[in-house]
Engineer: 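Sharing a structure, written as structure tokens. Questions coming.
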Amino acid sequence: MAENAKKVHMSYEVAEEVSSLNSDVYFDVLSRLPTKNLLGLKCVSRGWHCLISGRPFIQTQLLRTESGVLGFISQGKFQWFDGDIETMYYIPVETTGAAVRQIAFDFLVENVVVLASCSGLICCRSCLPSQCPSIYICNPLIKDWIRVEWMAPNTGSSIGLAFDPSQNPIDTSTNFKVVQAQLCETDEEEVQCISFEIYSSQTRAWRKSNEICHCNDSMFQGRSQGIFIRGILHWLTDGDHIVTFNVDNELSWLVSIPVPDVVFKTTPQACIGESKGQLHYVMLSEEGLQVWCLEEYFESKWALDHSKSLKMIEEENTQFFCNLHELVIQKNCSDHPWMCPLAFKDGILLIRVGAKIFLYNLLTSNFKGVCSVTQLGPACMFWPTEEKLEEMGRT
């Protein structure tokens with residue numbers, strides 16, 4: 001009885017402290033701090049811990065501190081065979097003294113391949129072959145992770161991670177879903193279908209969705225990491241469509257890209273990403289760099305957000321580029337295009353030009369040299385994953 005009374009008294013004190021914190025400047029001040037700073041502040045008192053862990057605080061803090069992507073994680077991929085490359089590199093977006101560096105998720109029990117990221121959580125899979133193939137959902141910031149059994153490993157599938165930190169208190173179990181999209185057999189000839197398997201952290205089990213997406217395009221194996229925006233996962237294909245899947249109602253839809261490939265003389269290079277809560281389609285062709293924003297899903301309505309010709313890019317960056325148009329025309333029809341967008345997040349484009357990697361800021365129209373391709377390992381191809389640090393919560 002005495003122990004229970006003590007717990008009730010402590011709960012009352014915590015509630016009283018939280019109430020006072022919400023009524024003064026603490027809520028306003030603390031909600032403006034980045035997540036990394038808040039980790040230590042949760043230890044100040046029980047009241048601060050409860051305040052920072054509450055859903056209203058999380059939602060406010062996420063809105064106020066959306067300062068953009070911190071960096072990209074790059075991992076090589078062999079072009080001619082399916083072997084996995086264990087080495088990863090971190091490409092920071094910061095402009096002051098930050099350099100590309102090799103990283104490792106050494107808090108995990110095995111080497112992994114990074115598949116996708118979402119609101120600070122990173123989805124990885126075991127490097128194959130593995131005795132117990134698994135998918136890992138982890139937060140590198142606090143080195144917290146969850147293992148998901150991967151019953152039928154398929155490196156040809158495309159995996160997306162769906163996680164919204166504002167939907168649950170940060171000190172309860174982190175709720176997320178992993179969606180595996182893969183080609184499935186159909187009775188109709190010359191018709192391809194995509195099926196979806198879903199893992200829910202709440203049920204801790206996989207199940208097959210009844211939804212089937214009829215699509216004759218194949219998902220890009222390098223660039224097909226699912227982009228999660230407002231409840232919908234998006235995958236880029238090698239055709240004129242983007243595959244979308246609503247995680248809540250489990251409905252899929254094909255969104256047409258802004259401009260079909262046949263319009264161009266050479267094969268355009270493209271990637272998709274998120275900025276300001278909307279899907280963006282980044283395309284590089286002989287016409288230059290174009291960034292489109294999706295305004296309406298069912299009608300595939302796009303708005304041109306940013307456009308710059310190759311000539312203008314070259315004139316504004318003579319220290320980096322020369323004969324861009326000629327090189328793009330010559331090389332973009334080959335297996336190794338001269339210019340290729342790699343990843344896009346929060347108005348920052350990671351792009352390869354020749355044998356060098358650059359960051360391009362859409363707001364300032366500035367290119368920043370990052371490194372050479374060889375600094376990211378000996379692999380022939382690589383596709384990076386953006387990283388935003390948020391707190392994963394207790395798992």
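Model, not experiment: these values are computed from the prediction.
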Engineer: Please report the C-alpha distance between I229 and Q278 in whole Å, then the side-chain angles of each, then the deciding distance to 0.1 Å, and finally whether the side chain to side chain contact (heavy atoms under 4.5 Å, CB included) criterion is met.
Structural biologist: CA-CA 7 Å; I229 306 171; Q278 290 181 287; 5.7 Å; no
Engineer: Can a donor-acceptor pair be found between the side chains of E110 and Y136 at a distance below 3.5 Å?
Structural biologist: yes
Engineer: Please check if atom CH2 in W253 has more than 12 non-hydrogen atoms from other residues, nucleotides or ligands closer than 6.0 Å.
Structural biologist: no
Engineer: Does the side chain of W150 come under 3.5 Å of the side chain of Q180 through a donor N or O and an acceptor N or O?
Structural biologist: yes
Engineer: Using the six-membered ring wherever Trp is involved, compare the ring planes of Y360 and F367 and label them parallel, tilted or perpendicular (cut-offs 30° and 60°).
Structural biologist: tilted
Engineer: Could you pull out all residues at least two apart from N154 that satisfy side-chain contact (heavy atoms from CB on, under 4.5 Å)?
Structural biologist: S157, Q182
Engineer: Do Y297 and H234 meet the criterion of a side-chain donor-acceptor pair at a distance under 3.5 Å?
Structural biologist: yes
Engineer: Does this structure show an ion pair linking E274 with K345, if we count only N-O contacts that are shorter than 4.0 Å?
Structural biologist: yes
Engineer: Indicate, with yes or no, if the rings of F321 and F358 have centres closer together than 6.0 Å.
Structural biologist: yes
Engineer: So, using salt bridge (Lys or Arg N to Asp or Glu O under 4.0 Å) as the criterion, who are the partners of E86 when residues are at least two apart?
Structural biologist: none
Engineer: Output the distance between atom CG (L362) and atom NE2 (H280), rounded to the nearest 0.5 Å.
Structural biologist: 8.0 Å
Engineer: Could you tell me whether E296 atom CD has more than 12 heavy atoms of other residues or ligands within 6.0 Å of it?
Structural biologist: yes
Engineer: Atom CG of residue position N249 - does it have more than 12 heavy atoms of other residues, nucleotides or ligands inside 6.0 Å?
Structural biologist: yes
Engineer: Mind checking what makes salt bridge (Lys or Arg N to Asp or Glu O under 4.0 Å) contact with E316, not counting sequence neighbours?
Structural biologist: K308
Engineer: With side chains defined as the heavy atoms from C-beta onward, is the minimum distance between C127 and V113 less than 4.5 Å?
Structural biologist: yes
